[in-house]
Amino acid sequence: MLDPKIIKDNPQRIRDMLKARAVEFNLDELVESDQKRRDLILKTDEMRKKKNQVAIEISQKKKSGDDISPSLAEMKNISGELAKLESLQGEIEKKYSNLALTIPNLIHESVPIGKDETANIEIKKWGTIPKFDFKINDHIDISANLDLVDLERAAKVAGARFYYLKNDLVRLNQSLIHYALDFLAEKNYSLVQPPYMINRQSMEGAIIADDFEEVIYKIDNEDLYMIGTSEHAMAAMRSDEIIEGKDLPLRFAGVSPCFRKEAGAHGRDQKGIFRVHQFDKIEQFVFARPEESWKEHERMLSVAEEFYQKLEIPYKVMLLSSADMGKVSAKTYDIEAWMAGQNAYREIVSCSNCLDYQARRLKIRFRDKTNEETQYLHTLNSTLVATSRVLVSIMENFQTNDGHIVIPKVLQKYMGKNII
RNA sequence: GCCAGGUUAGCCAAGUGGAACGGCGGCCGUCUCGAAAACGGCUACGCGCAAGCGUGCAGGGGUUCGAAUCCCUUACCUGGCGCCA
């Protein structure tokens with residue numbers, strides 16, 4: 001949610017953002033309902049004032065023994081009028097908030113304006129792309145040859161885009177998780193394993209309702225949704241709270257499975273474990289003071305970069321364009337890792353600053369002293385590692401001539417071996 | 001799942017149909033060379049330039065001229081019973 005003051009005072013700023021994001025949105029309707037809303041608040045407040053006055057009158061008359069029937073009649077009249085005004089106001093408020101909750105976030109000035117991902121800007125490249133003197137395989141063939149993944153039976157049991165991990169790939173997956181947690185704990189992140197299902201209100205705090213259908217699984221007959229990432233549960237973790245300023249920034253390492261419908265992805269990455277309905281992810285999530293959030297954003301990116309440098313996976317950093325970013329983010333970097341079997345860089349990390357957008361929806365505020373005005377804080381999130389994709393990269397980049405996989409050095413002690 | 005008791009402001013907490021007691025913590029002021037103590041004010045949210053007005057007693061609904069208070073309902077918390085890895 002945006003600051004309502006911007007809707008009132010600077011709608012042009014929102015209009016520019018909508019254009020840059022290429023998002024359809026009826027801003028005029030929002031501005032109009034906002035104005036109506038304010039007018040109605042004034043009117044109902046006035047009516048309530050009258051009501052309070054008459055209530056006091058009745059109370060006093062009763063004490064002094066005066067006749068209260070004229071006041072009762074007046075009160076009845078006022079209550080009727082008030083009920084009408086209140087229901088009208090309720091309607092308008094609902095219309096307003098439905099609209100207000102679907103406006104995307106503002107865009108940071110450094111974000112390139114463009115109509116799709118072709119406007120993304122490459123910020124840097126790290127590492128040397130591995131060269132092979134033999135014909136290489138992709139992760140699907142490698143994992144089939146080494147009996148590491150069973151896609152057919154997963155399809156039978158759960159459907160397409162599911163998988164059974166098997167044998168040493170289970171251990172490699174756990175090793176990645178274990179290493180990632182050690183890596184962030186070392187940097188003083190607090191480890192959190194969140195609920196994997198959260199209620200609607202929490203989910204709506206973290207994402208825009210429109211995106212529900214495409215991404216989020218719902219539990220039948222329960223007010224519960226499977227998290228698409230621990231970000232959803234971590235953001236809502238501090239909802240309705242006022243955090244002490246001295247505790248900021250709060251840096252969390254969330255570890256959880258992620259569940260995604262991938263509804264719009266028909267035909268893309270159809271095979272293998274690159275694009276799947278369920279994967280494990282270790283996430284950086286930060287609650288920060290507004291004046292520090294851009295610094296934190298860069299910091300999170302560099303933490304993620306360091307992780308891939310340690311894993312010796314070549315990558316490049318992309319600054320996403322206005323139309324390619326998520327709606328809650330004001331600025332997003334992606335890290336794309338080299339995947340030898342596809343001869344391409346593919347997205348593995350998304351690092352976003354959401355400013356106060358989620359904090360407003362979730363009412364997460366802070367202040368330094370208890371009598372001070374509260375302020376919305378800023379939330380940021382970045383993948384550290386989404387394991388399934390990094391497994392793909394490791395399998396493809398570290399494959400050997402005779403069909404095995406060399407374990408990256410930093411993972412060897414977790415695996416207890418150096419080759420699969 | 002059943003039964004009982006709860007949910008009031010940053011924290012604690014009173015209030016069982018008629019204007020939200022009080023305390024703690026915090027901020028400002030008076031006093032002081034300075035501080036402490038004492039005293040006074042402020043300390044949830046909305047609208048408003050402001051004065052001010054309104055809202056707010058877990059959420060939603062109802063009864064009533066009037067609801068923190070009575071009724072229904074949902075969520076959560078604490079016990080007890082049941083079930084259970």
Side-chain angles (χ1 to χ4, degrees), chain A residues 1-10 30-101 193-205 218-225 233 236-248 250 287 289 356 359-377:
Chain A
M1 197 158 47
L2 299 178
D3 186 344
K5 283 195 183 68
I6 300 174
I7 297 169
K8 193 178 83 168
D9 300 334
N10 199 352
L30 177 68
V31 171
E32 194 188 310
S33 65
D34 183 42
Q35 187 53 51
K36 270 194 199 160
R37 186 180 72 97
R38 286 167 208 272
D39 290 347
L40 272 170
I41 287 171
L42 227 71
K43 280 184 186 149
T44 49
D45 276 5
E46 233 162 82
M47 194 57 76
R48 285 191 182 118
K49 185 180 170 185
K50 273 191 204 165
K51 184 184 155 183
N52 289 341
Q53 284 168 347
V54 177
I56 293 163
E57 231 175 88
I58 291 173
S59 169
Q60 283 169 346
K61 280 182 180 173
K62 246 183 146 172
K63 275 181 197 144
S64 62
D66 291 347
D67 180 17
I68 58 167
S69 52
S71 299
L72 285 188
E74 196 186 351
M75 182 67 114
K76 209 161 195 170
N77 185 33
I78 290 170
S79 292
E81 290 295 311
L82 185 58
K84 275 187 228 162
L85 281 170
E86 278 175 341
S87 94
L88 194 60
Q89 195 197 338
E91 274 173 46
I92 272 289
E93 290 278 3
K94 202 172 165 190
K95 185 177 169 191
Y96 169 80
S97 71
N98 279 344
L99 283 167
L101 281 171
Q193 190 170 329
Y196 301 160
M197 294 173 247
I198 61 178
N199 60 33
R200 179 157 192 114
Q201 199 183 345
S202 299
M203 194 60 95
E204 278 182 343
K218 182 181 188 328
I219 305 297
D220 207 15
N221 296 321
E222 303 274 352
D223 179 25
L224 285 173
Y225 298 80
M237 182 167 66
R238 294 303 186 103
S239 60
D240 291 313
E241 290 188 24
I242 297 170
I243 292 168
E244 285 195 51
K246 67 175 170 54
D247 294 337
L248 297 175
L250 286 169
F287 297 96
R289 308 177 78 92
D356 62 0
R360 279 181 186 280
R361 294 170 154 249
L362 291 162
K363 296 198 180 62
I364 312 175
R365 294 158 296 171
F366 77 97
R367 63 182 169 197
D368 292 300
K369 292 172 179 164
T370 55
N371 69 321
E372 222 174 52
E373 277 215 7
T374 57
Q375 256 190 89
Y376 289 105
L377 47 68

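Note on naming: letters A, B, ... go to the chains in the order of the sequence lines (proteins, then strands), and numbering restarts at 1 for each one.
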Trainee: So, using salt bridge (charged side-chain N to carboxylate O under 4.0 Å, His left out) as the criterion, who are the partners of A/K84 when residues are at least two apart?
Mentor: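 Applying salt bridge (charged side-chain N to carboxylate O under 4.0 Å, His left out) to A/K84 gives A/E81.
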Trainee: Please tabulate, one pair per line, each protein N/O and nucleotide N/O from nucleotides 7-11 of chain B that are separated by under 3.5 Å, including the distance.
Mentor:
residue : atom : partner : partner atom : Å
B/rG10  : O4'  : A/R367  : NH2          : 3.1

Trainee: Assess whether side-chain contact (heavy atoms from CB on, under 4.5 Å) is satisfied between A/L42 and A/R38, documenting all intermediate values.
Mentor: CA-CA 6 Å; A/L42 227 71; A/R38 286 167 208 272; over 6 Å; no
Trainee: Measure the spacing between CD1 of A/I41 and CD of A/E93 and express it to the nearest 0.5 Å.
Mentor: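 Rounded to the nearest 0.5 Å, the CD1-CD separation comes to 5.0 Å.
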Trainee: Might you point out which heavy atoms bring A/I198 and A/A233 nearest each other, and give the distance in Å?
Mentor: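 Closest approach of A/I198 to A/A233: CG2-CB, 4.0 Å.
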Trainee: For the residue pair A/Y376 and A/F366, what are the closest heavy atoms and their distance?
Mentor: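 Shortest heavy-atom separation between A/Y376 and A/F366 comes out as O-CE2, 3.8 Å.
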Trainee: What's the separation between atom CZ in A/R238 and atom CG in A/L362, rounded to the nearest 0.5 Å?
Mentor: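 These two atoms lie 12.5 Å from each other.
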Trainee: Using whole Å, report how far NZ of A/K49 lies from P of B/rU55.
Mentor: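 Answer to the nearest Å: 12 Å.
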Trainee: Find the distance A/R48:CZ to B/rG66:P and express it as a whole number of Å.
Mentor: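 Going from A/R48 (CZ) to B/rG66 (P), I get 14 Å.
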Trainee: Side-chain N or O of A/N199 less than 4.0 angstrom from OP1 or OP2 on B/rA75?
Mentor: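 Result: no.
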Trainee: Tabulated below should be each protein N or O lying under 3.5 Å from an N or O of nucleotides 59-62 of chain B; please produce it.
Mentor:
none

Trainee: For A/N52, which residues count as a side-chain hydrogen bond (donor to acceptor under 3.5 Å, both in side chains) partner, sequence neighbours excluded?
Mentor: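 Per chain and number, A/N52 pairs via side-chain hydrogen bond (donor to acceptor under 3.5 Å, both in side chains) with no residue.
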Trainee: Between A/N52 (CG) and B/rA67 (P), how many Å, whole number?
Mentor: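 Going from CG in A/N52 over to P in B/rA67 covers 10 Å.
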Trainee: Tell me what A/T374 touches on the nucleic acid: a base, only sugar-phosphate, or nothing, going by heavy atoms under 4.0 Å.
Mentor: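 The answer is sugar-phosphate, as A/T374 gets under 4.0 Å only of primed atoms, P, OP1 or OP2.
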Trainee: What residues form a salt bridge (charged side-chain N to carboxylate O under 4.0 Å, His left out) with A/D240, not counting sequence neighbours?
Mentor: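 For A/D240, no residue satisfies salt bridge (charged side-chain N to carboxylate O under 4.0 Å, His left out) once neighbours in sequence are set aside.
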Trainee: Going by the rule salt bridge (charged side-chain N to carboxylate O under 4.0 Å, His left out), which residues pair with A/K51 if we only count those two or more places apart in sequence or in a different chain?
Mentor: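 Applying salt bridge (charged side-chain N to carboxylate O under 4.0 Å, His left out) to A/K51 gives none.
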Trainee: More 5' along RNA chain B: A/S79 or A/Q53, using each one's nearest nucleotide?
Mentor: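 On the 5' side of the pair lies A/Q53.
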Trainee: Contact between A/E222 and A/M197 at the side-chain level, heavy atoms closer than 4.5 Å - yes or no?
Mentor: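 A/E222 does not reach A/M197 side chain to side chain.
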Trainee: Expressed as a whole number of angstroms, how long is the span from A/E222:CD to B/rU74:C1'?
Mentor: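 The answer, rounded to whole Å, is 13 Å.
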Trainee: When the distance from CG of A/D240 to P of B/rC77 is rounded to whole Å, what number comes out?
Mentor: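 Atom CG in A/D240 sits about 15 Å away from atom P in B/rC77.
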Trainee: Can you run through RNA chain B from 5' to 3' and write each base as (, ), [, ], | or . depending on how it pairs? Watson-Crick or G-U wobble, both distances under 3.5 Å.
Mentor: ((((((((.[[[..)..(...]]]((((((.......))))))((((....))))..[[[[[..)....]]]]])))))))....
Trainee: When you check every protein heavy atom under 4.0 Å of nucleotides 46-51 of chain B, what one-letter string (B, S, -) results, 5' to 3'?
Mentor: BSS---
Trainee: Is it the case that over 12 heavy atoms from other parts of the model lie below 6.0 angstrom from the NZ atom of A/K218?
Mentor: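 Enclosed: over 12 neighbouring heavy atoms sit under 6.0 Å from NZ of A/K218.
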Trainee: With sequence neighbours excluded, what pairs up with A/K5 under the side chain to side chain contact (heavy atoms under 4.5 Å, CB included) test?
Mentor: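 Side chain to side chain contact (heavy atoms under 4.5 Å, CB included) list for A/K5, sorted by chain: A/D3, A/D9.
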Trainee: Does A/E91 have any salt bridge (charged side-chain N to carboxylate O under 4.0 Å, His left out) partners at least two apart in sequence or in another chain, and if so, which?
Mentor: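 In terms of salt bridge (charged side-chain N to carboxylate O under 4.0 Å, His left out), with neighbours along the sequence ignored, A/E91 is linked to no residue.
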Trainee: Inspect the surroundings of CD in A/Q201 and state if more than 12 heavy atoms from other residues, nucleotides or ligands are less than 6.0 Å away.
Mentor: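 Counting other residues, nucleotides and ligands, CD of A/Q201 stays at 12 neighbours or fewer.
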Trainee: Could you state the CD-P distance from A/Q60 to B/rG66, rounded to the nearest angstrom?
Mentor: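 These atoms are roughly 19 Å apart.
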Trainee: From CD of A/E46 over to C1' of B/rG52, roughly how many Å is that when rounded to an integer?
Mentor: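 The distance from CD of A/E46 to C1' of B/rG52 comes to 12 Å, rounded to the nearest Å.
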Trainee: Between the protein and nucleotides 15-18 of chain B, list the N/O to N/O atom pairs that are separated by less than 3.5 angstrom.
Mentor:
residue : atom : partner : partner atom : Å
B/rG18  : O2'  : A/S59   : OG           : 2.8
B/rG18  : O6   : A/K62   : NZ           : 2.7

Trainee: Is it true that A/E204 and A/R361 have a side-chain N and a carboxylate O under 4.0 angstrom from each other?
Mentor: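 Salt bridge flag = no for A/R361 with A/E204.
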Trainee: Nearest-nucleotide wise, let me know which of A/R365 and A/K50 is further upstream toward the 5' end of RNA chain B.
Mentor: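 Whichever sits nearer the 5' end wins; that is A/R365.
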Trainee: To the nearest 0.5 Å, how far apart are CD1 in A/I7 and CG in A/L30?
Mentor: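 These two atoms lie 4.5 Å from each other.
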Trainee: Can you name the side chain to side chain contact (heavy atoms under 4.5 Å, CB included) partners of A/S71, sequence neighbours left out?
Mentor: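 Here the qualifying residues are A/V54, A/E57, A/I58, A/K61.
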Trainee: Separation of A/N77 atom CG from B/rG66 atom C1', in whole Å?
Mentor: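 That distance rounds to 15 Å.
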